[in-house]
Engineer: 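My questions all concern the structure below.
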Amino acid sequence: MTVTIVGSQLGDEGKGALVDLWGGDADIVVRYQGGDNAGHTVVEDGEEYKLSLVPSGAVRDKVGVLGNGCVINPRTLFSEIDDLRERGLDPDVRLAKRAHVIMPYHRRLDNIEEEAKADSDLTVGTTGRGIGPTYEDKAGRRGIRVGDLLDPDVLRQRLEYVVPQKKALIEDVYGLEAGEECDVEALVEEYTEIGRRLREDDMAVNCGDFLAERREAGDNVMFEGAQGTLIDIDHGSYPYVTSSNPTAGGAATGTGVGPTVVGQGEVVGIVKSYLSRVGEGPMPTELKDDEREEELADFIREKGGEFGTVTGRPRRIGWLDMPMLRHAARVSGFTGIAVNHLDVLAGLDEVKVGHAYELEGEERLTMPATTERWGECEPVVKEFDTWPEVDWAAVAEEGYDAIPDAAQDYLEYLSDELDVPIYAVGVGPGREQTVHIENPFDN
Ligand code: GDP
Ligand code: IMO
Ligand code: MG
């Protein structure tokens, strides 16, 4: 049995919380794309864990795998593992030998390119973690893979080829000075040592084989998506995207299990009850048109704690965008959804959603394929009755029927429009602050 967790919007939908919730029934939690640009929050008994690379199942002592589709910064990984150990956990993390390694020059180049783009207003607002440059090298067949760290001769050969290119880029194209990120000897030394630790701790695996063996032994596997559909490199708002495929297809290519395996399991879209975006790019339902909307956005931002987990940047806020969600549900083939942050909308004077778009005088229910057209879309707004602030802990305990009627109407609208059932409703950040409806591992 597999369950794939996918962000339906622009990231930060609360994926970590749901991986944690249902991860209790998983044996292995596998990340299939992205790297330490992700920030997933798990709250267990009031204790908060913010995880960038270690799969969220670590909080429940599950085996965590970083699949071949991931880009891994070993410095972040080991510091995260060490932090978790200090907090009393013992994370068992395996890395696909086919996964690519984020090197110090990738991070430098990510920041250099963002600055260079600022002059022509093309900034993406990346997390600065070197994600894009690492995937570029992967596609350019000049990347360093986890497996290469285990073989110092191969590592040296690859670095001796690629580092002079990076140095030339930094110095000759951007007119900056290259630093220790381009010191081949220092890199060989540091990354050989990292390879030694990986070997010693038996962390590097052939991901596809590893998962096949575990599945044959009867293990349940959860695929933990990072980021979200609208920042998918293929299906998102290009170029304001990340450089991987958070959508469900990525779970197959990013781990080495067949698409039929992913497809026979559950694919659950995680939906935030409103929208947040960190970084640049259009957002038709953004709350920013006048002072009143800005105040409302500030209120939701504060109440929902909408500040980037990785970079601390304030997140942009908007109403739910249904064309975006229809797109997400189709691209990933959702079998169900989880709706989070229902509590954050409680007690507002108004609750709206962008039901459709108006573009060039026509109403449409789906998103245009180019970001420029998307930016021209005006939301066709549908207004809902508001719901009051209630004791959400009690609601979580009593179940779905205890959710205020107007909020139930909102949820049923979502489920009907997307033609999928709702498996869970988040009414607070904690594991127990969730209204359970169906556990996808039971299906
Ligand atoms: P992820 O990247 O999708 O895992 O989401 P993040 O962890 O970056 O952001 C989600 C934030 O919302 C975290 O601070 C969570 O603890 C919190 N959260 C998750 N679900 C809920 C919910 O239902 N209600 C509230 N108020 N907060 C939630
Ligand atoms: P989780 O997994 C929200 C955004 C960045 C930027 C764009 C490209 O926590 O949902 P990158 O560093 O990936 O090259 O940046 O993508 N971004 C995220 N936004 N949540 C995330 O992850 C994100 N990871 C990247 O802000 O706009
Ligand atoms: Mg996040």
Side-chain angles (χ1 to χ4, degrees), residues 5-21 31 33-44 46-53 55-56 70-71 73 102 106-107 109-111 113-114 123-136 224-233 236-244 246 269-281 283 300-316 338-346 392 395-396 424-435:
I5 298 295
V6 177
S8 306
Q9 294 148 325
L10 294 142
D12 305 324
E13 299 89 349
K15 298 175 291 294
L18 271 307
V19 170
D20 171 65
L21 181 74
R31 280 272 309 268
Q33 42 72 235
D36 57 349
N37 49 348
H40 297 175
T41 315
V42 172
V43 183
E44 185 190 49
E47 178 111 2
E48 188 177 71
Y49 297 89
K50 296 215 173 268
L51 301 164
S52 273
L53 259 181
S56 301
C70 294
V71 287
N73 186 330
I102 301 183
H106 290 129
R107 223 165 145 141
L109 283 164
D110 189 354
N111 291 302
E113 193 169 2
E114 281 285 275
T123 314
V124 176
T126 71
T127 58
R129 296 298 189 264
I131 306 296
T134 308
Y135 280 114
E136 272 179 53
E224 174 177 358
Q227 289 83 50
T229 305
L230 265 294
I231 49 175
D232 180 290
I233 182 102
S237 54
Y238 192 92
Y240 305 105
V241 292
T242 191
S243 302
S244 66
I270 311 302
V271 178
K272 188 179 272 188
S273 303
Y274 49 92
L275 269 196
S276 69
R277 176 165 208 161
V278 53
E280 303 303 318
M283 195 170 158
I300 292 174
R301 185 178 302 112
E302 287 300 325
K303 188 171 177 194
E306 298 294 356
F307 297 88
T309 309
V310 176
T311 57
R313 291 177 288 178
R315 295 175 182 153
R316 297 156 62 191
V339 183
N340 281 323
H341 299 85
L342 197 68
D343 54 308
V344 177
L345 296 185
W392 292 107
V395 170
V425 181
V427 294
R431 187 186 291 158
E432 67 294 345
Q433 290 167 310
T434 311
V435 178

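We count ligands from 1, going down the list as the structure has it; atoms in each ligand are counted the same way. Hydrogens, waters and symmetry mates play no part in the numbers below; they use all other heavy atoms, side chains included.
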Engineer: Taking only non-hydrogen atoms of Arg129, do any sit less than 4.0 angstrom from ligand 2?
Structural biologist: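 False for this residue.
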Engineer: Looking at the Mg ion (ligand 3), which N/O/S atom of Asp12 is the nearest one?
Structural biologist: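 So the atom name we want here is OD1.
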Engineer: Give the protein residues with at least one non-hydrogen atom closer than 4.0 Å to an atom of ligand 1, ordered by chain and number.
Structural biologist: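 Within 4.0 Å of ligand 1, protein side: Asp12, Glu13, Gly14, Lys15, Gly16, Gly39, His40, Thr41, Thr309, Arg315, Asn340, His341, Asp343, Val344, Gly426, Val427, Gly428, Pro429.
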Engineer: Does either side chain, that of Arg277 or that of Ser237, offer a donor lying less than 3.5 Å from an acceptor on the other one?
Structural biologist: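 The criterion, which ignores hydrogens and geometry beyond distance, is satisfied for Ser237 and Arg277.
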Engineer: Non-hydrogen atoms of Leu10 versus ligand 2: any pair closer than 4.0 Å?
Structural biologist: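 Yes, that is the case, since the closest heavy atom of the residue is under 4.0 Å from the ligand.
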Engineer: Of all heavy-atom pairs between Leu18 and Ala338, which one has the smallest distance, and what is that distance?
Structural biologist: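 Scanning both residues completely, I find the closest heavy atoms to be CG-CB, 3.8 Å.
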Engineer: At what distance, to the nearest 0.5 angstrom, does CG of Leu275 lie from CG of Asp12?
Structural biologist: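 So the gap between those two atoms works out to 11.5 Å.
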Engineer: How many angstroms lie between atom CD of Glu114 and atom OG1 of Thr123, to the nearest 0.5 angstrom?
Structural biologist: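 If I round to the nearest 0.5 Å, the distance is 5.5 Å.
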Engineer: Going by atom types alone, do His40 and Glu224 pair a side-chain donor with an acceptor below 3.5 Å?
Structural biologist: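 A pair is found: one side chain offers a donor N or O, the other an acceptor, under 3.5 Å apart.
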Engineer: So, 2.8 Å as the limit: is an N/O/S atom of Gly16 located closer than that to the Mg ion (ligand 3)?
Structural biologist: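 Given the 2.8 Å cut-off, Gly16 does not count as a ligand of the Mg ion (ligand 3).
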Engineer: Report the part of Thr311 in contact with ligand 2, treating N, CA, C, O as backbone and CB onward as side chain, heavy atoms under 4.0 Å; options are side chain, backbone, both, neither.
Structural biologist: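 Thr311 to ligand 2: no contact under 4.0 Å from either part.
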Engineer: Using heavy atoms and a threshold below 4.0 Å, how should the contact between Arg277 and ligand 2 be classified: side chain, backbone, both, or neither?
Structural biologist: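 For Arg277, no heavy atom sits under 4.0 Å from ligand 2.
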